[in-house]
There are 2 protein chains.
Amino acid sequence: MGARLTNGIALPGEGKGAKSTLASSVYQQLRDDLLRGALEAESKLRVEWVVSRYGAGASPVREALNRLAAEGLLGRHDQRGFFLMPVSATELEELTRTRCWLEERALRESIAHRTAEWEEQLVLALHRLARAERRLPEDPTTNNPEWEKLHRAFHRALIAACGSHWLIGFCDQLSDQASRYRLISQNAPGTGRDEIGEHRIIAERMLDGDADGAVEALLNHYRLTAAMCMERFAQGYDPKAGLAKARRR
Amino acid sequence: MGARLTNGIALPGEGKGAKSTLASSVYQQLRDDLLRGALEAESKLRVEWVVSRYGAGASPVREALNRLAAEGLLGRHDQRGFFLMPVSATELEELTRTRCWLEERALRESIAHRTAEWEEQLVLALHRLARAERRLPEDPTTNNPEWEKLHRAFHRALIAACGSHWLIGFCDQLSDQASRYRLISQNAPGTGRDEIGEHRIIAERMLDGDADGAVEALLNHYRLTAAMCMERFAQGYDPKAGLAKARRR
DNA sequence: ATCAAGTAGAATCTCGACAAAAAAGCTGAT
DNA sequence: ATCAGCTTTTTTGTCGAGATTCTACTTGAT
């Protein structure tokens with residue numbers, strides 16, 4: 001198993017010459033895959049499976065798994081290994097509720113402490129999001145990872161001026177969880193939803209300093225997304241579907 | 001944590017029941033020591049030092065360190081190891097502010113969804129806290145670890161009925177950070193503060209369903225603690241003190 | 001004296017093998 | 001057929017050695 005390292009060729013996003021460790025590399029890739037909903041099939045996550053998939057030894061893989069478990073993306077039981085956190089309707093509801101609480105506070109603080117610099121970043125984030133394609137051009141049934149990145153960046157830009165990196169971190173964590181649900185339930189295309197319009201309204205009200213209006217728009221945005229997820233995944237998602245596939249061996 | 005293990009090798013010398021995994025044991029002990037402010041001297045945390053102190057190999061120690069870093073109690077730089085998160089006045093201010101935001105929401109929700117069971121738990125937590133000694137009987141200058149446990153349990157009981165384990169987890173995280181500051185700056189004894197009285201007032205207003213009053217009492221409680229910490233640690237704590245000691249060699 | 005380059009030392013990080021535990025499979029009796 | 005108890009297999013968790021990287025120190029030149 002040759003260690004196929006990705007150093008030497010600097011990725012465009014990694015301008016800092018910081019050489020990453022294997023543990024961090026596995027962490028990043030596995031995290032992306034988790035958020036992409038790429039491996040929701042298996043409930044259990046054997047370390048040997050991760051080792052063979054990402055081409056690293058057991059030690060860095062275990063370090064990555066420990067980080068993800070501490071973040072709440074994975075679960076862990078002593079002497080029983082790691083597993084993907086289960087999903088459920090009640091958990092989605094609780095998640096959305098918590099998210100609304102925190103984001104409302106973050107939004108209001110962000111508006112109260114806005115600066116010109118922050119406004120420009122917000123405009124920029126909205127512009128980039130509007131330019132990106134929602135789905136992959138070659139396959140309109142799958143989400144565009146680039147759009148997901150920009151979407152997350154936009155929502156982070158909204159609360160960037162709230163003045164608490166703790167609150168920003170918590171919102172990020174909840175955002176990760178939410179996108180996991182969104183991508184598991186494969187948000188249906190073209191359900192008559194004007195996504196970019198929703199985002200634009202939120203941004204405009206933010207820029208106008210209309211805190212109440214922005215909060216209302218944002219919470220509706222979250223609740224609508226959650227409702228669509230809930231519906232689709234209450235009727236369509238079968239947690240045992242993946243296990244059948246895993247049995248082939 | 002009531003996992004009674006059928007571990008034949010009792011090894012009573014260790015005291016701590018190293019029941020499950022070494023990584024979890026090191027995690028628990030190191031976390032306790034961090035919150036106790038027991039090792040704030042050195043800024044850097046060499047894994048070999050942890051290995052020799054807690055008697056485990058490098059692998060479980062690294063797993064424990066990764067968990068703590070993901071929780072925000074430690075910092076980490078690739079290829080540069082782990083370090084204790086620095087403390088500062090601005091960080092304490094930001095922490096306190098964030099904590100007030102989250103705890104206010106949690107408190108209001110907890111009151112709104114209170115049950116008889118929850119009320120009883122709260123009464124119990126207050127009673128236990130009132131019974132415990134604030135300082136160690138044999139050495140009145142150091143805090144009583146038992147009191148710290150009960151104090152944390154009381155504050156968690158306040159928000160236990162808020163209906164979101166996410167929010168509870170975030171509040172716990174902030175509570176950990178806050179107690180780190182409190183114990184670093186060695187909260188002064190006998191500054192005329194009626195601690196048990198403050199806690200009792202909060203609990204009484206909670207039980208009365210007086211949300212506004214409870215919130216006011218709780219936030220004042222946090223802000224007073226923070227102010228005392230801030231004062232003592234702005235004038236008394238020198239972050240370079242530990243480094244100077246480290247240079248002797 | 002300051003600064004740069006090169007070297008020796010120390011720390012981090014990773015790998016492969018081993019021990020311990022849990023899960024799966026098997027036999028035999030009720 | 002079911003279940004307890006034992007054996008086999010799989011998986012987790014741990015250790016020690018080695019490779020890679022960072023840090024501190026010495027040396028030499030402007």
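Predicted model, so just to flag it, every value in this text is computed and none were measured. Order of the sequence lines fixes the chain letters, A, B, ..., with proteins taken first and strands second; residue numbering starts at 1 for each chain.
In this structure, Arg99(A) is positioned above the aromatic face of Tyr222(A), its NZ or CZ under 6.0 Å from the six-membered ring centre and within 45° of the axis.
Applying the salt bridge (Lys or Arg N to Asp or Glu O under 4.0 Å) test between Glu63(A) and each of Arg62(B), Arg67(B), Arg76(B) identifies Arg62(B) as the sole match.
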Within the sub-3.5 Å range, which N or O atoms of nucleotides 8-10 of chain C have a protein N or O partner, and how far apart are they?
none

Contact list (N/O, under 3.5 angstrom) for nucleotides 13-17 of chain D vs protein:
unit_1  : atom_1 : unit_2   : atom_2 : d
dG13(D) : OP1    : Gln79(A) : N      : 2.8
dG13(D) : OP2    : Arg62(A) : NH1    : 2.8
dG13(D) : OP2    : Arg62(A) : NH2    : 2.9
dG13(D) : O5'    : Arg62(A) : NH2    : 3.4
dT14(D) : OP1    : Leu22(B) : N      : 2.2
dC15(D) : OP2    : Gly57(B) : N      : 2.6
dC15(D) : N4     : Ser59(B) : OG     : 3.2

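Annotation: His77(B) is in aromatic contact with Phe83(B) [ring centroid separation under 6.0 Å]. Annotation: His165(A) is not in aromatic contact with Phe170(A) [ring centroid separation under 6.0 Å not met].
The stretch residues 157-168 of chain B participates, sequence neighbours left out, in no salt bridge (charged side-chain N to carboxylate O under 4.0 Å, His left out) pair at all.
Whole-Å rounding puts the Lys44(A) NZ to dA24(C) C1' distance at 14 Å. The CD atom of Glu48(A) sits 18 Å away from the P atom of dT9(D) (whole-angstrom rounding).
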For Asp176(B) and Arg152(B): C-alpha separation, side-chain torsions, deciding distance, then whether salt bridge (charged side-chain N to carboxylate O under 4.0 Å, His left out) applies.
CA-CA 9 Å; Asp176(B) 289 345; Arg152(B) 179 161 323 198; 2.3 Å; yes
Test side-chain hydrogen bond (donor to acceptor under 3.5 Å, both in side chains) on Ser20(A) and Asp78(B) and set out the steps.
CA-CA 6 Å; Ser20(A) 88; Asp78(B) 274 359; 4.8 Å; no
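Distance alone, capped at 3.5 Å, is enough to place a donor-acceptor pair between the Ser88(A) side chain and the Glu91(A) backbone.
Among residues two or more places apart in sequence or in another chain, the side chain to side chain donor-acceptor pair (under 3.5 Å) test is passed with Glu146(A) by none. Every residue was checked against the side chain to side chain donor-acceptor pair (under 3.5 Å) condition with Trp147(A), not counting sequence neighbours, and none meets it.
For the helix from dA1(C)-dT30(D) to dT30(C)-dA1(D), the terminal axes (five pairs an end, C1' atoms, rotation from four pairs onto the next four) enclose an angle of 20°, given to 10 degrees.
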